[in-house]
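This report refers to the structure that appears directly beneath it.
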Amino acid sequence: MTAISVMLAVPDAAGASAWYQQALGATELWNLGSVIGLELQGAPFFIAEPENNGWQSPTVLGSTTTRIEVFVDDPDAVVGGAAEAGANYHDPVRDHTAPWGTHRQGAFFDPYGHLWLVGDKSPLRRHR
């Protein structure tokens with residue numbers, strides 16, 4: 001099996017886990033204290049507190065270096081929940097035209113500086 005996932009740098013893993021659970025409906029898979037495995041509608045991701053090991057959270061760096069792209073059945077609900085929980089509502093969910101058809105997508109920055117794009121149709125498959 002091959003899987004690619006993301007680990008988000010956060011200053012407080014427990015606080016971030018609580019936020020992702022409240023804001024996005026994520027569930028905790030396991031908790032090692034400074035490293036926590038979460039799942040969002042079946043998609044696993046990790047959060048961790050950097051410990052001088054070559055990476056840092058966007059709030060410390062002053063910028064983000066990647067976008068977290070999530071594809072769900074109801075992007076309006078996910079982005080709306082994040083906004084209600086205090087995320088910076090960066091881009092409202094709206095229709096976009098793409099080679100794979102019209103899809104809905106919006107974006108927000110979480111409290112830790114990570115940019116999330118939430119859409120309803122994944123481009124992660126071959127499109128003709």
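These figures come from a predicted structure and were not determined experimentally.
- Hydrophobic cluster membership is shared by W30 and M7, with clusters built from Ile, Leu, Val, Met, Phe, Trp and Tyr side chains linked at under 4.5 angstrom.
- In this structure the side chain of F71 never reaches within 4.5 angstrom of the side chain of V118, judged on heavy atoms.
- Inter-residue side-chain proximity for V72 and D120 is flagged as unmet; no heavy-atom pair is nearer than 4.5 Å.
- Cluster note: L61 groups with no other residue, as no ILVMFWY side-chain heavy atom lies under 4.5 Å from it.
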Show me, pair by pair, the donor-acceptor contacts under 3.5 angstrom made by side chains of residues 82-92, not counting sequence neighbours?
unit_1 : atom_1 : unit_2 : atom_2 : d
D91    : OD1    : R94    : NE     : 3.3
D91    : OD2    : R94    : NH2    : 3.4

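- Taking each heavy atom of G113 and P58 in turn, the nearest pair found is O-CB, 3.4 Å.
- To the nearest 0.5 angstrom, L29 atom CG is 6.5 Å from L38 atom CG.
- Other members of the hydrophobic cluster containing F109, listed by chain and number, are L115, L117; membership follows side-chain contacts under 4.5 Å among ILVMFWY residues, whether direct or relayed.
- Closest approach of L8 and V6 over heavy atoms only: CD2-CG2, 3.8 Å.
- Applying the salt bridge (charged side-chain N to carboxylate O under 4.0 Å, His left out) test to pairs two or more places apart or on separate chains, none has a residue in residues 8-25.
- Here side-chain hydrogen bond (donor to acceptor under 3.5 Å, both in side chains) pairs that include residues 104-115, with residues two or more places apart or in two chains, are Y20-D110, D76-R104, D95-R104, D110-W116.
- Rounded to the nearest 0.5 Å, atoms CD (Q56) and CD (E51) are 11.0 Å apart.
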Does the pair T97 and H103 meet the rule for a side chain to side chain contact (heavy atoms under 4.5 Å, CB included), with working shown? CA-CA 7 Å; T97 302; H103 73 108; over 6 Å; no
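- T59 pairs by the side-chain hydrogen bond (donor to acceptor under 3.5 Å, both in side chains) definition with S57, not counting sequence neighbours.
- With rounding to the nearest 0.5 angstrom, the CD atom of Q22 is 11.5 Å from the OG atom of S17.
- Under the rule for a side-chain hydrogen bond (donor to acceptor under 3.5 Å, both in side chains), the partners of N53 that lie at least two apart in sequence or sit in another chain are W55.
- Residues V70 and Q41 are not in side-chain contact: their nearest non-hydrogen atoms beyond the backbone lie 4.5 Å or more apart.
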Can you give me every donor-acceptor pair (side chain of residues 42-50, partner residue at least two apart or in another chain, under 3.5 Å) with its distance?
unit_1 : atom_1 : unit_2 : atom_2 : d
E49    : OE2    : A13    : N      : 2.9

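- Within the structure, salt bridge (charged side-chain N to carboxylate O under 4.0 Å, His left out) pairs that include any residue of residues 52-70 comprise R67-E69 (at least two apart or interchain).
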